[in-house]
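I have placed the structure first, in the form of structure tokens, so that the comments after it can refer back to it.
Counting begins at 1 with the first residue of the sequence. Keep in mind that the numbers below use all heavy atoms, side chains included, and drop hydrogens, waters and symmetry copies.
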Amino acid sequence: MFFSVRETGVPGGNLGIHGENMQTPHRKAPSRLIELPFGKGLFAKKSIKKGENIFTERPLVSAQFLWNTLYKYKACEYCLRALETAEQNARRLSGNPGLSLPHPELCKVRPELHQACPQCQVMYCCSECRQAAAEKYHRVLCLGPTEDNPDHPINKLKDAWRSIHYPPETSSIMLMAKMVAAVKQAKDKAHWQKLFSHFCSRTANEEEEIAHKLLGEQFKGQLALLHSLFTSALFDEHLSRWFVPEGFRSLFALVGTNGQGIGTSSLSQWVHACDALELPVQQREQLDSFIDQLYKDIDKETGDFLNCEGSGLFILQSTCNHSCIPNAEASFPDNNFLLHLSALCDISPGEEICISYLDCCQRDRSRHSRHKILRENYLFSCSCPKCVSQMEEQDVTSEEEEEAEAEGETEGDEMEDEMTDV
């Protein structure tokens with residue numbers, strides 16, 4: 001084993017409300033974890049080389065985002081593997097139903113293996129996933145022939161969530177539903193409750209702030225509505241503490257702060273496979289040109305939302321603290337919910353393994369700007385080596401930096417115009 005989990009004795013840095021780590025070629029966003037009061041941390045037990053996989057982790061539960069599902073991003077209900085072939089995915093995203101991809105043999109999606117739940121027709125990528133879902137939580141959540149009935153309590157809960165939490169999505173009420181369902185179906189209910197207790201809770205004020213961030217200005221009324229619908233759909237006496245208002249708020253905060261974003265894409269996998277092909281120069285240029293044009297068409301038709309997106313609860317990954325100069329990052333290279341944590345640089349024995357909750361552009365901003373983002377969206381201030389070394393720097397806000405960048409672009413355009421005129 002490369003690592004150990006330790007109490008750090010200082011405030012950790014693992015909380016996210018807005019973003020999620022989509023670490024796919026198409027979209028990258030901040031991780032969403034929890035700050036531990038006297039934090040846990042992940043530390044290297046031996047030398048880890050740059051690029052080495054530190055661990056691979058399966059989530060306790062995961063769920064596709066509800067708007068993502070409604071917009072026909074087809075993913076396995078259990079592992080979130082993309083179900084569309086790369087060509088089907090490209091056709092839908094580009095709005096070109098007649099599009100044909102070169103090298104279709106590079107697509108790894110196997111429609112012949114897909115299976116539906118025989119009762120509700122929810123789709124899975126294989127029989128193993130269908131069976132795993134049934135054994136873990138789906139017997140509680142399966143709607144059978146009422147799958148499309150808007151009056152079913154679970155569908156009412158989903159509709160309420162969609163009416164409150166619009167794209168870009170950062171969480172899902174169904175992650176909470178699967179937590180409840182997993183405990184209800186488990187033979188050893190205490191064991192599953194103990195697993196979920198690994199994710200630290202927040203203070204009451206912090207829980208309210210998290211709800212405010214996720215639900216907006218009317219969060220108290222919306223939280224009460226979700227609580228009522230959640231209770232009607234899923235109440236269980238073994239979990240009564242999760243169904244009282246305070247317990248529901250805590251559960252909501254747990255999911256809001258610990259849910260790690262997951263992004264999967266069959267098209268992305270196909271592009272990676274194309275990049276790995278050894279081709280003559282002319283064929284390589286033609287393929288690269290085709291892919292570039294495809295992404296331009298997709299951007300024009302669909303914008304930034306290219307992936308099947310959801311979130312999951314990962315025990316081990318939630319122990320990773322934040323740094324503005326991370327030495328590790330999470331990704332989902334298997335096109336499913338398996339999280340791979342990889343080293344961004346060589347890591348020495350005893351060194352803490354840290355990820356970043358900020359994307360690359362945000363990490364390049366000033367210390368003051370980074371702290372502003374972290375305080376507003378993650379409820380902590382960072383004291384990583386980079387932040388400590390920049391303590392004497394002038395305070396520059398994100399807005400000021402963006403204005404400066406905009407001015408720089410304007411000046412550049414004017415200079416280009418002048419050169420053109422000459």
Side-chain angles (χ1 to χ4, degrees), residues 5-7 12 14-17 32-40 42 55 57-64 77-80 131-142 153-154 157-158 161 171-204 206-208 210-211 214 223-224 226-260 262 310-320 337-339:
V5 179
R6 300 185 208 157
E7 298 292 333
N14 290 347
L15 170 71
I17 298 168
R32 305 183 56 241
L33 311 171
I34 187 170
E35 180 190 10
L36 303 179
F38 289 93
K40 291 180 181 177
L42 203 64
F55 65 76
E57 184 177 16
R58 180 188 298 258
L60 289 180
V61 289
S62 61
Q64 187 177 1
E77 196 277 333
Y78 181 69
C79 76
L80 273 71
Q131 186 63 31
E135 292 176 354
K136 192 171 183 179
Y137 59 79
H138 189 64
R139 288 199 296 272
V140 169
L141 297 179
C142 181
I154 289 180
L157 180 64
K158 290 179 179 180
W161 177 258
S171 190
S172 174
I173 196 74
M174 293 310 294
L175 205 56
M176 297 168 61
K178 286 189 177 181
M179 290 174 68
V180 171
V183 176
K184 289 177 79 167
Q185 278 195 209
K187 292 180 180 178
D188 188 348
K189 301 183 188 304
H191 170 70
W192 273 90
Q193 291 184 67
K194 184 177 180 181
L195 287 176
F196 290 127
S197 73
H198 284 282
F199 301 98
C200 256
S201 58
R202 311 293 299 180
T203 66
E206 288 170 331
E207 288 174 353
E208 285 209 351
I210 292 161
L214 285 172
L223 198 62
L226 291 172
H227 171 238
S228 174
L229 293 172
F230 191 79
T231 303
S232 297
L234 295 162
F235 180 78
D236 185 89
E237 60 182 16
H238 292 97
L239 292 168
S240 57
R241 63 187 177 87
W242 282 357
F243 289 94
V244 297
E246 297 78 12
F248 179 77
R249 184 185 63 195
S250 296
L251 187 64
F252 189 86
L254 183 153
V255 168
T257 56
N258 289 275
Q260 162 69 43
I262 301 169
S311 61
L313 295 176
F314 297 83
I315 290 181
L316 192 55
Q317 179 257 12
S318 74
T319 64
C320 294
F337 63 12
L338 289 179
L339 181 149

Quiz item: Should Leu223 and His227 be marked as a side chain to side chain contact (heavy atoms under 4.5 Å, CB included) after you check the CA-CA gap, both sets of side-chain angles, and the distance that decides it?
Solution: CA-CA 6 Å; Leu223 198 62; His227 171 238; 5.8 Å; no

Check: [Y] and [X] side chains under 4.5 Å, non-hydrogen atoms:
{"X": "Glu57", "Y": "Ile315", "answer": "yes"}
{"X": "Met174", "Y": "Lys158", "answer": "yes"}
{"X": "Leu316", "Y": "Leu42", "answer": "yes"}
{"X": "Leu195", "Y": "His191", "answer": "yes"}
{"X": "Pro59", "Y": "Leu313", "answer": "no"}
{"X": "Met176", "Y": "Val180", "answer": "no"}
{"X": "Ile262", "Y": "Ser311", "answer": "no"}

Can you measure from [atom1] ([X]) to [atom2] ([Y]) and round to the nearest 0.5 angstrom?
{"X": "Lys178", "Y": "His138", "atom1": "NZ", "atom2": "NE2", "value": "9.0 Å"}
{"X": "Leu229", "Y": "Ile154", "atom1": "CG", "atom2": "CD1", "value": "11.5 Å"}
{"X": "Gln185", "Y": "Glu135", "atom1": "CD", "atom2": "CD", "value": "9.0 Å"}

Self-check item: Centroid separation Phe230 to Phe235 less than 6.0 Å
Solution: no

For the backbone of [Y] and the side chain of [X], can you confirm whether one donor and one acceptor N or O come within less than 3.5 Å of each other?
{"X": "Ser228", "Y": "Ala224", "value": "no"}
{"X": "Gln64", "Y": "Leu80", "value": "no"}
{"X": "Arg139", "Y": "Ala134", "value": "yes"}
{"X": "Lys189", "Y": "Ala186", "value": "yes"}

Practice problem: Only counting residues at least two apart or in another chain, list the ones meeting ring pair (Phe, Tyr, Trp, His ring centres under 6.0 Å) with Phe314. | Solution: none

Quiz prompt | Partner set under side chain to side chain contact (heavy atoms under 4.5 Å, CB included) for Ala181, not counting sequence neighbours | solution = Tyr137, Val140, Leu141

Minimum heavy-atom separation for [X] and [Y], please, with both atom names.
{"X": "Ser62", "Y": "Leu175", "value": "CA-CD1, 3.6 Å"}
{"X": "Asp236", "Y": "Phe243", "value": "N-CE1, 3.6 Å"}
{"X": "His238", "Y": "Gln193", "value": "O-NE2, 4.0 Å"}
{"X": "Val255", "Y": "Met179", "value": "CG2-SD, 3.8 Å"}

Practice problem: Kindly determine whether Phe248 and Leu226 satisfy side chain to side chain contact (heavy atoms under 4.5 Å, CB included), including the steps that lead there. | Solution: CA-CA 9 Å; Phe248 179 77; Leu226 291 172; 3.9 Å; yes

Quiz item: Where do Glu237 and Lys184 land on the salt bridge (charged side-chain N to carboxylate O under 4.0 Å, His left out) test, with the steps shown first?
Solution: CA-CA 10 Å; Glu237 60 182 16; Lys184 289 177 79 167; over 6 Å; no

Quiz item: Gln317 and Gln260: side-chain donor and acceptor closer than 3.5 Å?
Solution: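 Per modelled atom types, Gln317 and Gln260 side chains form a pair under 3.5 Å.
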
Exercise. Test Trp192 against Lys187 for side chain to side chain contact (heavy atoms under 4.5 Å, CB included), laying out the working first.
Key: CA-CA 9 Å; Trp192 273 90; Lys187 292 180 180 178; over 6 Å; no

